[in-house]
> 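Mind having a look at this structure? Questions to follow.
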Protein chains: 2
Amino acid sequence: MTGWLVVAGLGPGSEALVTPEVSAALAEATDIVGYIPYVARVAARPGLRLHPSDNRVEVERATAALEMAAAGRRVVVVSSGDPGVFAMASALFEALESRPDCHALEIRILPGITAMLAAAAAAGAPLGHDFCAINLSDNLKPWALIERRLRLAAEADLAMAFYNPRSKSRPEGFDKVLQILRDACGGERLITFARAVSTPDQRIETVTLAEARPEMADMRTVVLLGNSATRRVGPWVYTPRFAG
Amino acid sequence: MTGWLVVAGLGPGSEALVTPEVSAALAEATDIVGYIPYVARVAARPGLRLHPSDNRVEVERATAALEMAAAGRRVVVVSSGDPGVFAMASALFEALESRPDCHALEIRILPGITAMLAAAAAAGAPLGHDFCAINLSDNLKPWALIERRLRLAAEADLAMAFYNPRSKSRPEGFDKVLQILRDACGGERLITFARAVSTPDQRIETVTLAEARPEMADMRTVVLLGNSATRRVGPWVYTPRFAG
């Protein structure tokens with residue numbers, strides 16, 4: 001048996017947002033590797049081995065997946081959303097750097113619907129013009145770099161999508177983010193809190209920056225900030241295609 | 001019959017990247033509205049009316065779709081990629097602003113795989129850390145704003161995805177973009193040209209900014225620029241999850 005390794009995006013939650021390409025890879029797999037709640041989304045079947053693991057062991061998980069594929073298994077590493085957006089694809093390549101013996105393996109990255117796009121669709125089209133995606137987890141980079149990026153993105157008048165806005169270990173961080181954004185963009189700027197997008201728990205709330213409170217976001221929330229032209233129409237919020 | 005309007009993302013080209021949610025909407029539709037090549041991707045069937053239209057008539061097309069839905073038709077406006085990323089969703093809401101009589105219509109935006117995410121997956125994970133998406137078409141904004149956003153995004157050390165890098169009407173624009181990026185990021189920065197992603201014509205090419213030439217991009221190309229940490233591993237290019 002020739003092994004291969006796929007890193008697949010399961011989308012934000014709904015099975016109706018899993019691409020046929022990803023479903024086909026899951027159907028051919030012998031092994032499913034990933035963070036516990038994502039592996040739980042894959043239906044068990046005879047002969048399929050599930051390898052759920054805890055958060056924050058991404059490189060170890062990727063290395064184990066490489067080794068299984070090198071041994072001839074057909075391995076799918078599952079990610080939520082899109083694997084290339086703050087998810088498992090980069091961790092896989094970090095692991096691959098330490099394993100030149102695995103460079104000839106068949107590896108494929110299968111894209112998925114990332115949370116910000118599902119959230120934007122549920123709210124309207126707040127990312128309808130130039131935008132950026134920023135991960136607010138300060139596990140990944142120093143706070144000073146987060147602040148610098150927020151200020152430069154505001155100066156560039158980009159719409160913004162924020163992943164991991166708030167965690168138990170640093171509940172005050174998102175409050176600081178909102179203060180910086182109010183300072184840089186003004187209190188009237190529209191901000192959308194999108195929780196558990198595409199699941200039965202979905203909740204979409206758009207307010208102004210002046211009205212925004214840190215507790216409007218939790219670990220299942222993606223946050224979208226409009227640019228200076230973002231506005232409401234009926235129940236929707238959108239960013240026009242034209243600027244300047 | 002109660003009409004509705006859906007704006008659906010068909011993804012970058014492959015049918016394996018069309019979500020089940022979008023396929024279900026297409027199956028229930030009475031009318032398909034969109035730019036000619038996107039409508040051509042929808043299979044004809046008895047009773048399904050196809051309304052292909054030319055480029056650059058987005059608001060007229062959206063208004064016609066609203067009117068059909070208001071008259072009781074089940075209308076899908078098709079977009080390539082994701083409808084909320086430089087595509088038809090914003091045009092729909094622009095049209096809706098002029099039609100308050102349509103604000104109570106059932107409208108849904110269905111996300112899709114946008115070109116930059118399919119391109120990133122084909123290349124590895126070049127958007128694996130904070131990034132921005134910039135539309136280089138200067139039909140939509142003045143050149144000075146494009147230049148300003150490029151310089152600020154480079155200063156923020158964001159990875160970047162560029163849509164519409166090159167068109168017949170302004171072939172010199174992308175040459176200027178490459179000059180600005182070389183000036184701001186240096187010649188060693190990695191840049192990926194991804195043409196016709198997910199189709200049989202797919203071609204992925206990663207070079208340094210010093211090696212990049214404007215003719216590497218055409219109208220079917222999305223361009224991805226790494227951040228200062230983006231690197232190669234084996235045949236892949238990726239951006240590490242950690243920074244600073």
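Lettering of chains follows the sequences in order, A, B, ..., and the numbering in each one begins at 1. Note that the structure is a prediction, hence the values are computed from the model and not measured.
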> Who wins among Ala89(B), Ala91(B), Pro83(B) for the most heavy-atom pairs under 4.5 Å with chain A?
Ala91(B)
> Can you measure from CG (Leu127(A)) to CG (Asp82(B)) and round to the nearest 0.5 angstrom?
8.5 Å
> Go through Ser198(B), Ala156(B), Ala87(B) and name the one with the most non-hydrogen pairs under 4.5 angstrom from chain A.
Ala156(B)
> With a 4.5 angstrom heavy-atom cut-off, is it the side chain or the backbone of Leu150(B) that approaches chain A, or both, or neither?
neither
> Within this structure, what is the OG1-CD1 distance for the pair Thr114(B) and Ile113(A), rounded to the nearest 0.5 Å?
9.5 Å
> Would you mind checking which part of Phe93(A) comes under 4.5 Å of any heavy atom in chain B, side chain (CB onward), backbone (N, CA, C, O), both or neither?
both
> For chain B, which of Arg232(A), Glu21(A), Glu97(A) has the most heavy-atom pairs under 4.5 Å?
Glu97(A)
> Under a 4.5 Å cutoff for heavy-atom pairs, which residue among Glu58(A), Glu15(A), Met160(A) has the most contacts with chain B?
Glu58(A)
> Ignoring hydrogens and angles, tell me if any N or O in the side chain of Glu94(B) forms a donor-acceptor pair with the backbone of Arg241(A) under 3.5 Å.
yes
> Heavy-atom distances under 4.5 Å only: say whether Phe131(B) touches chain A with side chain, backbone, both or neither.
both
> Name the region of Pro235(B), side chain, backbone, both or neither, that has any atom closer than 4.5 Å to a heavy atom of chain A.
side chain
> Count the heavy-atom pairs under 4.5 Å between each of Ala121(A), Gly234(A), Ala104(A), Cys102(A) and chain B, then report the option with the highest count.
Ala121(A)
> May I ask you to decide if Asp130(A)'s main-chain N or O and Asn135(B)'s side chain share a donor-acceptor pair within less than 3.5 Å?
no
> When the ring planes of Phe86(B) and His129(A) are compared, do they come out parallel, tilted or perpendicular, using 30° and 60° as the limits?
perpendicular
> I would like to know whether Trp236(B) and Ile107(A) meet side chain to side chain contact (heavy atoms under 4.5 Å, CB included); could you show each step before the answer?
CA-CA 10 Å; Trp236(B) 304 97; Ile107(A) 295 174; 3.8 Å; yes
> Which one, Pro240(A), Ala118(A), Gly124(A), leads in non-hydrogen pairs under 4.5 Å with chain B?
Gly124(A)
> Highest number of heavy-atom pairs under 4.5 Å with chain A: which of Asp157(B), Leu158(B), Val237(B)?
Asp157(B)
> Can you give me the closest heavy-atom contact between Pro111(B) and Leu17(A), atom names plus distance?
CG-CD2, 4.1 Å
> At a heavy-atom distance under 4.5 Å, which candidate from Cys132(A), Ser23(A), Ala133(A) has the highest pair count against chain B?
Ala133(A)
> Tell me, for Ala159(B) versus chain A, whether the close heavy atoms (under 4.5 Å) come from the side chain, the backbone, both or neither.
neither
> Which bit of Met116(B) comes within less than 4.5 Å of chain A, counting heavy atoms only: side chain, backbone, both or neither?
side chain
